[in-house]
> 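Provided herewith is a single structure, encoded as structure tokens, for subsequent inquiry.
On a predicted model such as this, the values are computed, not experimentally measured, just so you know. Lettering of chains follows the sequences in order, A, B, ..., and the numbering in each one begins at 1.
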2 protein chains.
Amino acid sequence: MKNNVSIKDIAKMAGVSIATVSRVINKSGKVAKETEEKILQIMKENNYVPNLLAKGMRTNKVTTIGIVIPDISNEFFSKIAKQIQTLFFNKGYASIICNTSEDDKIEKQCIEMLQAQQVGGIIHIVSEKANKENKILIPTVYLDREPKFSNKRKDMAIIESDNLSGGYIATDAMIKKGCKNIICLSPKDVVSTHKKRCQGYAYAMNENGLNLKIIIVDNVSLEEGYNKTKEYIKNNKIDGIFATTDIIAIGAIKAIKEAGFKIPENVKVFGYDASNMSEVIETPLSTIVQPIEEMTLAAVEMLEKNMNGEKIKENRLILPVKIKER
Amino acid sequence: MKNNVSIKDIAKMAGVSIATVSRVINKSGKVAKETEEKILQIMKENNYVPNLLAKGMRTNKVTTIGIVIPDISNEFFSKIAKQIQTLFFNKGYASIICNTSEDDKIEKQCIEMLQAQQVGGIIHIVSEKANKENKILIPTVYLDREPKFSNKRKDMAIIESDNLSGGYIATDAMIKKGCKNIICLSPKDVVSTHKKRCQGYAYAMNENGLNLKIIIVDNVSLEEGYNKTKEYIKNNKIDGIFATTDIIAIGAIKAIKEAGFKIPENVKVFGYDASNMSEVIETPLSTIVQPIEEMTLAAVEMLEKNMNGEKIKENRLILPVKIKER
DNA sequence: CTGAAAGCGCTAACAG
DNA sequence: CTGTTAGCGCTTTCAG
């Protein structure tokens, strides 16, 4: 499997020392044009590709970063992963992507593996269960979800979108259209994002003197959105729903329609994330758009600075979201 | 950034040679229980994590594999990537994931980078434009799409799902329900998967003496599915649609309904991939389910064998698909 | 301008 | 059972 030609092979073929070959590879130091061309030629002929790992080991500069993500098959996260990988690829870095499946045990293993793989930095979306910081020395930027342990370290780099105002503007938009009985459907507040969206909802409701009703779904699924909504509307009147993620809203829509109500005439529905599903569903589903590009770009830039040991004043960033009404 | 303790540091602290430390790390050779425990203790205290790259360099055994994918934010591909990364993670491998964005230039760069990163093997879903094999010596398994250059090398490892019968059973199911005028919506046949699905469609139509009509969409999008369908039904009657991927079917549905037809009463619609969108759309959309787990498992196993230099008789595999009628 | 040599962290004989 | 040593592919002084 190791038919790879090495710098040594090239040197031998060119009749020079490996130092010289190294110099032309890195365009460092002076090499006679003649020798340089000859070496370049031989490298091309033999399809030489430098061993980045050996180089990294020697120079202590690494060309790999890690991305730790709860579930890469989730649309929102996969978009993020794509952006990050592309941004880093263009800078010459390879991205090692790890799935934690929301499991803190696996998450720990991921971090250890990345450390063992000598990644230069990590962009980390914490799992639901992550309670304590993994004790590592690798530069890390937390993205999307605020880690539970973030209050312990004020210098922690965290990039989020503005989930609080996301919840607020969604709810407020419905209130402005006359809704008075708006419920909020959300998973248990294990994750900062959903929690903040609920808080935004609560803020808007309180501001308008409306009674809030937060209904906890046991998991993030169409079924749960459906079941909990169906159950609730048996004995309660509602005219608005704010679900902290699209799929829950879609379940709610199903229940609402089954009960004979019209959307958006009788009940207005807001989801979150502007997923593909929200695009294709035929019932009008309003939603909140997160600034994925800005978030990933900021995370990548911040991580790069961290890796270069640069001081950063702004190590926490909250990016604005947009509303998409339908 | 390199505060990492090394085997040398541990050895010094334990007052033994690095060889001994190496032995306890790898559980190779005999080490006195006493010394072993002492070393283990010190390793734990100092949070020692072995440098896999150095190890790989020395042993010529690498713990990284590459995944090359056209678009990781695509639901189907991201599910595949997740599976592969998980399977390899459990075997102790890290996965470097690369996006080609369907661009053969980027694809080439990806392969080169993976080579430079010394990955042990690659699972590769080729881009649309990939026309010639990248000349590398890394064990590679092609997944999902059959490379255009596959006929040149009969020993190439390729895992696909059965797109041909996918197209066939979808079409056949509609015919069995009485459809006679079924159109097929598909992107230009740049990619083997869509091409084969169309062939399956054609096969079923011919078998039943029906006229086939394949309509090319310019790109894979809801809009194109919508536009091309709307255009066609202006002057033609149809009672069935087979779209080679769900999103196109969803566009078609929109056009059909706008024209006043009922689904599935007047027109039956089949998509492909059993995407989340197909799950939530309120109009009945039948679809074909690909065996993602089996595909990825087979690919991973085949790659592992390749990496271990094992001979494999079956280097081409076509896995069966399932129908999901709605 | 170019080569020799040391060393990054680690493993694998080879001696003790 | 344990230490010494060479070397994986590469960069980087230090001498020529």
Side-chain angles (χ1 to χ4, degrees), chain A residues 1-40 42-43 46-64 92 115-120 137-138, chain B residues 1-40 42-43 46-64 92 115-120 137-138:
Chain A
M1 189 225 104
K2 190 96 300 181
N3 326 25
N4 273 342
V5 299
S6 75
I7 196 174
K8 207 191 239 171
D9 303 322
I10 301 292
K12 200 172 297 174
M13 295 167 131
V16 298
S17 76
I18 58 169
T20 307
V21 179
S22 174
R23 285 191 188 98
V24 348
I25 293 170
N26 298 290
K27 305 179 208 330
S28 62
K30 270 96 249 294
V31 179
K33 245 168 277 172
E34 235 179 298
T35 16
E36 173 163 15
E37 273 165 25
K38 185 176 175 188
I39 292 172
L40 250 17
I42 295 183
M43 289 193 341
N46 293 76
N47 205 249
Y48 170 74
V49 178
N51 183 331
L52 252 37
L53 305 189
K55 181 174 187 164
M57 209 169 96
R58 184 59 238 252
T59 57
N60 207 359
K61 282 208 169 247
V62 107
T63 51
T64 328
Q115 191 178 357
Q117 296 284 354
Q118 310 296 116
V119 299
L137 359 103
I138 305 175
Chain B
M1 188 225 107
K2 188 99 297 179
N3 326 27
N4 272 342
V5 298
S6 75
I7 196 174
K8 207 191 237 173
D9 303 322
I10 301 292
K12 199 173 296 174
M13 294 168 133
V16 297
S17 75
I18 57 168
T20 306
V21 179
S22 174
R23 284 188 190 99
V24 348
I25 293 171
N26 299 289
K27 304 179 210 328
S28 63
K30 269 98 248 295
V31 180
K33 244 168 280 169
E34 235 178 298
T35 16
E36 173 163 16
E37 274 165 24
K38 186 176 175 188
I39 291 172
L40 250 17
I42 295 183
M43 288 190 346
N46 293 76
N47 205 249
Y48 170 73
V49 177
N51 182 331
L52 253 36
L53 304 189
K55 180 174 187 163
M57 211 170 93
R58 183 61 239 255
T59 58
N60 205 1
K61 281 204 170 248
V62 107
T63 51
T64 328
Q115 192 179 355
Q117 295 284 353
Q118 310 296 115
V119 298
L137 359 101
I138 305 175

> Check for a donor-acceptor pair, side chain of B:Ser22 on one end and backbone N or O of B:Ile18 on the other, with a separation under 3.5 Å.
no

> Compare all side-chain heavy atoms of B:Ile39 with those of B:Glu36 and state whether any distance is below 4.5 angstrom.
no

> Does a side chain donor of either B:Thr63 or A:Gln117 reach within less than 3.5 Å of an acceptor in the other side chain?
yes

> Mind checking A:Ser28 for me? I need base, sugar-phosphate or nothing, with any heavy atom below 4.0 Å counting as a touch.
nothing

> Name the closest nucleotide to the A:Ser6 side chain, picking from C:dA12, D:dG9, C:dG7.
D:dG9

> With a non-hydrogen cut-off below 4.0 angstrom, is A:Lys30 in contact with a base, only sugar-phosphate, or nothing?
base

> Please report how far the helix from C:dC1-D:dG16 to C:dG16-D:dC1 bends, comparing the axis fitted to its first five pairs with the axis fitted to its last five, to the nearest 10 degrees.
50°

> Compare side-chain N and O positions of B:Tyr48 against OP1 and OP2 of C:dC10 and report whether any pair is under 4.0 Å apart.
yes

> Output yes when at least one side-chain N/O atom of B:Lys8 is less than 4.0 Å from OP1 or OP2 of C:dG7, else no.
no

> Tell me which residues in residues 14-24 of chain A lie within less than 4.0 Å of DNA chain C, going by non-hydrogen atoms.
A:Val16, A:Ser17, A:Ala19, A:Thr20, A:Arg23

> Below 4.0 angstrom from OP1 or OP2 of D:dC1, is there any side-chain N or O of B:Thr35?
no

> Which atom pair, heavy atoms only, marks the closest approach of A:Gln115 to B:Asn47?
NE2-OD1, 4.4 Å

> I need the single residue from A:Val16, A:Leu40, A:Ile10, A:Thr35 that forms a side chain to side chain contact (heavy atoms under 4.5 Å, CB included) with A:Val24. Which is it?
A:Leu40

> Over how many whole Å does the gap from A:Arg58 atom CZ to D:dC8 atom P extend?
16 Å

> Please determine if a side-chain N or O atom of B:Lys55 lies less than 4.0 Å away from the OP1 or OP2 oxygen of C:dT11.
yes

> So, do B:Lys55 and B:Asn26 sit near enough that their side-chain heavy atoms are less than 4.5 Å apart?
yes

> Reckon A:Asn51 has a side-chain N or O less than 4.0 Å from the OP1 or OP2 of D:dC8?
no

